[in-house]
Amino acid sequence: MLKTHNCGELRTEHSGQTVTLAGWVNNRRDQGGVIFIDLRDRWGITQVVVDEQVHEQAHSAAEKLRSEYVAQVIGEVRVRPEGTANPHLPTGAVEVVAREIVLLNTSKTPPFYINQDSKVDETTRMRYRYLDLRRQRMQNNIILRHRVVKYIRDFLDAQRFVEIETPILFKTTPEGARDFLVPSRLMPGNFYALPQSPQQLKQLLMVAGYERYFQIARCFRDEDLRGDRQPEFTQLDLEMSFVQRDDVIALIEELMIQIAENVVGKTPMYKPFPRIRYYDAMEKYGSDKPDLRYDLAAVDITDIAGKSAFPVFVANAAEGKPVKVLRAPGMAKRSGTALRKLAEELETIARSAGAKGLAWVTLPEDESGEVKGPIGKYFTVDQVLEIVERTGAEGGDLLLFLSDKRETVWAITDVLRRHIAAELNLADPEVLAFGWIIDFPMFYWNEEEKRWDPSQHMFTMPMPEDLPLLDTDPGAARGSQYDLACNGLEVAGGSIRIANREIQEKIFPLIGLTMEEAREQFGHMLEAFEYGVPPHGGIASGIDRLVMVLAGEPNIREVVAFPKTQTGADIMAGAPSPAEPKQLKELHIRTTVDG
RNA sequence: GGGGUCGUGGUGUAGUGGUUAACAUACUGCCCUGUCAAGGCAGAGAUCGCGGGUUCGAGACCCGUCGACCCCGCCA
């Protein structure tokens with residue numbers, strides 16, 4: 001080893017020891033006769049002091065050092081002179097007096113600051129990702145990610161799970177996301193697909209009798225990117241036999257709590273995690289992955305609004321369209337101009353979610369004041385009081401009225417709620433608010449294709465008591481699906497699977513598959529399921545998103561070592577790139593794009 | 001496929017149609033024996049993403065294009 005200690009570990013008790021350190025020059029302060037070098041490695045920073053009169057050779061070597069040069073320092077640890085300790089550094093009580101400095105490598109001037117967390121254009125960061133990753137913030141994130149994955153492996157191993165690898169080259173399926181395809185050289189005209197998740201394979205491992213399987217699995221989906229979505233990502237994928245819904249939920253909840261507390265040092269806001277029915281989540285928050293760090297729930301006032309003098313609400317209520325109120329706490333305290341501007345802004349946001357307009361009233365700050373706003377006059381005092389009581393609103397609140405088709409109101413609730421929370425700084429990145437969403441509908445209606453689409457996947461077991469609904473009212477049937485939301489992100493989702501051939505065969509026609517098509521695409525599954533399938537269920541958790549939320553980072557790229565840009569490109573390496581004609585020929589591929 | 005924001009020395013920004021494009025920091029050289037956001041002095045560094053257009057005059061305005069980012073669609 002070119003070092004005996006790392007740059008983060010020396011303390012006063014090492015005083016007097018001769019040590020060898022090696023790392024990067026974080027900073028150099030040249031005082032003339034004495035030079036201070038802050039030497040940095042993964043573990044920290046240690047101040048190296050070089051005195052011209054004591055070690056002339058080391059001093060002249062230190063004069064040539066620059067930022068990010070790689071150097072080895074041999075010297076003696078000593079307690080810093082009285083009054084020169086640096087309380088901001090863990091190693092700040094000591095310094096290493098350099099006897100010898102070996103220049104291991106020079107460096108060009110970096111294109112951005114490595115030694116401070118300042119804003120840098122993301123294109124530049126991506127182009128020099130290896131330098132970006134050298135920065136403290138990124139090292140923290142990448143190492144946190146390692147610790148989370150390590151914790152998961154140890155936790156599940158202790159619970160007698162077996163980690164099993166499944167193929168990356170697999171079979172395309174028509175359902176779900178767009179597949180990444182890989183042409184087969186040995187079978188011209190045929191393609192593998194990269195797995196969107198190891199869903200089928202893990203169920204087959206249950207058939208195979210492993211009972212408790214997990215994998216830290218890379219998954220691929222060829223869809224457009226978002227701040228929380230990359231085309232390739234990592235899932236904790238697991239499956240268990242002889243379990244019911246609450247067994248899987250309890251296991252993952254315990255795992256998440258332990259990760260939060262033991263790895264990140266944050267106690268989740270709610271313990272145990274609340275369980276919210278899908279319909280209630282949509283009614284209150286307009287989202288199946290609500291941010292539970294704040295409440296701001298929409299409240300139904302259809303009955304009151306239906307009796308108001310506002311024609312739109314009366315008409316909507318009569319048609320069965322809900323009228324709901326969303327509180328914007330304290331937002332009515334703004335001045336007239338600021339309030340009008342805010343209302344316009346909120347209306348624009350509401351319209352983007354399908355609203356035709358946005359009605360609002362302001363509550364006075366004191367009892368003698370009056371309710372103001374475009375529709376204030378349509379409500380009687382008693383009606384206003386009833387609304388105030390039902391919503392828990394207080395003086396100075398801005399009340400937003402949402403009324404439309406139920407699904408549209410959900411969408412508006414979601415965007416407004418998140419905007420208000422952002423405006424009021426209610427989403428503290430230090431807080432972790434987990435919550436389960438349960439009782440999802442089995443299917444949602446696909447109007448374009450005139451069929452039911454599974455809301456999770458076709459192997460999701462219906463809730464036992466809803467089995468009869470498959471024949472009578474599939475839209476009302478609930479699945480055994482469970483999703484875990486944290487801070488407005490979906491961080492896990494799973495279900496109990498269908499282990500019964502008759503039930504599975506009822507699902508196919510509902511989702512528009514004939515038995516022939518089902519056999520063609522899932523024959524291996526159906527066949528396997530004839531050989532003694534245990535009842536089983538599982539869950540998958542997006543590691544990237546989980547680490548993102550644990551780290552309090554605003555986007556997924558901050559926790560992926562080498563992420564893709566929004567156009568799916570790797571700016572550093574220049575991927576994707578054209579293939580050589582020879583490669584294409586071998587793969588029996590011709591492109592329609594002119595080279 | 002659609003909507004939006006941004007693009008100015010290495011980096012981060014300012015620049016409200018009119019001087020030699022400004023500031024901070026980084027960088028280079030010199031000075032300096034207790035600094036740690038070191039300090040002082042001097043210096044170098046910009047075809048204002050690219051291409052058209054409007055104008056007497058464009059970093060700024062318009063159109064296009066490229067790239068990054070945010071969002072909708074999409075993501076079982």
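Lettering of chains follows the sequences in order, A, B, ..., and the numbering in each one begins at 1. For clarity, every value in this text was computed on a predicted model and none was experimentally measured.
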Nearest-Å distance once atom C1' is located in both B:rG45 and B:rA24
15 Å
Quick check for you: among B:rC36, B:rC27, B:rC69, whose closest atom lies nearest to any side-chain atom of A:Ser67?
B:rC27
Please determine whether a side-chain nitrogen or oxygen atom of A:Arg66 lies at a distance below 4.0 Å from atom OP1 or OP2 of B:rG29.
yes
Test side chain to side chain contact (heavy atoms under 4.5 Å, CB included), reference A:Val96, set A:Thr91, A:Val73, A:Val50, output is A:Val73
Paired with B:rG67: which nucleotide, if any, by Watson-Crick or G-U wobble criteria at under 3.5 Å for both distances?
B:rC6
Students often get this wrong, so: under 4.0 angstrom with heavy atoms, is A:Ile571 touching a base, only sugar-phosphate, or nothing?
sugar-phosphate
Selection from B:rC74, B:rC69, B:rG10 that lies nearest to any side-chain heavy atom of A:Pro111:
B:rG10
Selected nucleotide, minimal atom distance to A:Ala569 side chain, candidates B:rG29, B:rA68, B:rG73
B:rA68
With the side chain defined as heavy atoms from C-beta on, A:Arg226 is closest, among B:rU25, B:rG73, B:rU35, to B:rG73
State whether the distance check finds a donor on one side and an acceptor on the other, under 3.5 Å, for side chain A:Asp224 versus base B:rG73.
yes
Quick one: label A:Ser352 by what it contacts on the DNA or RNA (base, sugar-phosphate, nothing), any heavy atom closer than 4.0 Å.
nothing
Return the nucleotide paired to B:rG39: Watson-Crick means purine N1 to pyrimidine N3 with N6-O4 or O6-N4, wobble means G-U with N1-O2 and O6-N3, both under 3.5 Å.
B:rC31
Sticking with atom C1', work out how far B:rA26 lies from B:rG10, rounded to a whole angstrom.
7 Å
Between A:Lys108 and B:rG10, is there a side-chain N or O to OP1/OP2 distance below 4.0 Å?
no
Out of B:rC75, B:rG12, B:rG10, which has the shortest distance to the side chain of A:Val120?
B:rG12
Considering only heavy side-chain atoms of A:Val34, the closest of B:rU33, B:rA68, B:rG73 is B:rU33
Any donor-acceptor N/O pair under 3.5 Å between B:rG34 base and A:Glu95 side chain:
yes
Students often get this wrong, so: under 4.0 angstrom with heavy atoms, is A:Asn86 touching a base, only sugar-phosphate, or nothing?
base
Rounded to the nearest angstrom, tell me the gap between atom CD in A:Gln230 and atom C1' in B:rC69.
13 Å
Side chain of A:Thr567, heavy atoms from C-beta onward: which of B:rA68, B:rU33, B:rG12 has the nearest atom to it?
B:rA68
Give a yes/no verdict on base stacking between B:rU11 and A:Phe112: centres under 5.5 Å, planes within less than 30° of parallel.
no
Taking 4.0 angstrom as the limit, do A:Glu347 and A:Arg351 come out as a salt bridge?
yes
What's the gap between B:rA68 and B:rU33 when it is taken at their C1' atoms, as a whole Å value?
48 Å
To the nearest angstrom, the CZ-C1' distance between A:Arg178 and B:rG1 comes to 11 Å
Interatomic distance, A:Met126 CE vs B:rA68 P [rounded to whole Å]
11 Å
Please work out if A:Phe459 contacts a base, only the sugar-phosphate, or nothing of the nucleic acid, heavy-atom cut-off 4.0 Å.
nothing
Which part of the nucleic acid does A:Arg557 contact within heavy-atom distance under 4.0 Å: base, sugar-phosphate only, or nothing?
sugar-phosphate
How long is the line joining CD1 of A:Ile349 and C1' of B:rC70, in whole Å?
13 Å
Checking side-chain polar atoms at under 3.5 Å, does A:Gln203 have a donor or acceptor matched by the opposite partner on A:His536?
yes
Students often get this wrong, so: under 4.0 angstrom with heavy atoms, is A:Gln566 touching a base, only sugar-phosphate, or nothing?
base
Presence of donor-acceptor pair under 3.5 Å, side chain of A:Arg229 and base of B:rC74
yes
I'd like to know if the side chain of A:Gln139 pairs up with that of A:Asn141 as donor and acceptor (distance under 3.5 Å, no hydrogens or angles considered).
no
Nearest to the side chain of A:Arg29, which nucleotide is it out of B:rG34, B:rA68, B:rU35?
B:rU35
Using the P atom as the reference point in each nucleotide, state the distance between B:rU19 and B:rU25 in Å, no decimals.
26 Å
Ranking A:Thr124 and A:Asn555 by the position along RNA chain B of their nearest nucleotide, the one closer to 5' is A:Thr124
Remember a base hit wins even if backbone is also touched, and classify A:Arg78 as base, sugar-phosphate or nothing at under 4.0 Å, heavy atoms.
base
A:Met572 CE - B:rA68 P separation (whole Å)
15 Å
Is it true that the side chains of A:Arg497 and A:Ser495 contain a donor and an acceptor less than 3.5 Å apart?
yes
Can you say whether the rings of A:Trp452 and A:Phe443 are parallel (under 30°), tilted (30 to 60°) or perpendicular (over 60°)?
tilted
On the 0 to 90° scale, with breaks at 30° and 60°, tag the A:Tyr128-A:Tyr130 ring pair as parallel, tilted or perpendicular.
perpendicular
Using atom P of each nucleotide, how far apart are B:rU28 and B:rA44 to the nearest Å?
16 Å
Taking the basic N atoms (NZ, or NE/NH1/NH2) and the acidic carboxylate oxygens, is any pair closer than 4.0 Å for A:Arg40 and A:Glu68?
yes
Please give the nucleotide sitting opposite B:rC74 as a Watson-Crick or G-U wobble pair, both distances under 3.5 Å, or none.
none
Quick one: A:Asp121 CG to B:rA68 C1', roughly how many Å, whole number?
6 Å
Pair A:Arg78 + A:Glu95: basic N to acidic O under 4.0 Å:
yes
Sorted by position of nearest nucleotide on RNA chain B, 5' first, the leading residue of A:Arg221 and A:Leu225 is A:Leu225
Base, sugar-phosphate, or nothing for A:Ala85, non-hydrogen atoms under 4.0 angstrom?
base
What is the base-pairing partner of B:rC23, counting Watson-Crick and G-U wobble geometry with both distances under 3.5 Å?
B:rG12
A:Pro454 near the nucleic acid: base, sugar-phosphate alone, or nothing, with a heavy-atom cut-off under 4.0 Å?
sugar-phosphate
Among the nucleotides B:rC69, B:rA26, B:rG73, which one has an atom lying closest to any side-chain atom of A:Tyr113?
B:rA26
How about A:Asn500 and A:Gln504: does a side-chain donor come under 3.5 Å of a side-chain acceptor?
no
When rounded to the nearest Å, what value does the distance between P atoms of B:rC50 and B:rA60 take?
10 Å
Ignoring hydrogens and angles, are the base of B:rC36 and the side chain of A:Arg80 linked by a donor-acceptor pair under 3.5 Å?
yes
When you check the phosphate oxygens OP1 and OP2 of B:rA37, does a side-chain N or O of A:Asn27 lie under 4.0 Å from one of them?
no
Assign A:Asp51 to base, sugar-phosphate, or nothing according to its heavy-atom contacts below 4.0 angstrom with the strands shown.
base
Taking only the P atom of each, what is the distance from B:rC27 to B:rC70 in whole angstrom?
31 Å
Select base, sugar-phosphate, or nothing to describe what A:Gln53 touches, counting heavy atoms under 4.0 Å on all strands.
base
Distance, C1' atom - from B:rC66 to B:rG49, rounded to whole angstrom
8 Å
Figure out the CD/P separation between A:Glu223 and B:rG1, and round it to whole Å.
14 Å
Choose from B:rU33, B:rC36, B:rC32 the nucleotide whose nearest atom is closest to any side-chain atom of A:Asp30.
B:rC32
Contact under 4.0 Å: A:Thr565 side-chain N or O vs B:rA68 OP1/OP2:
yes
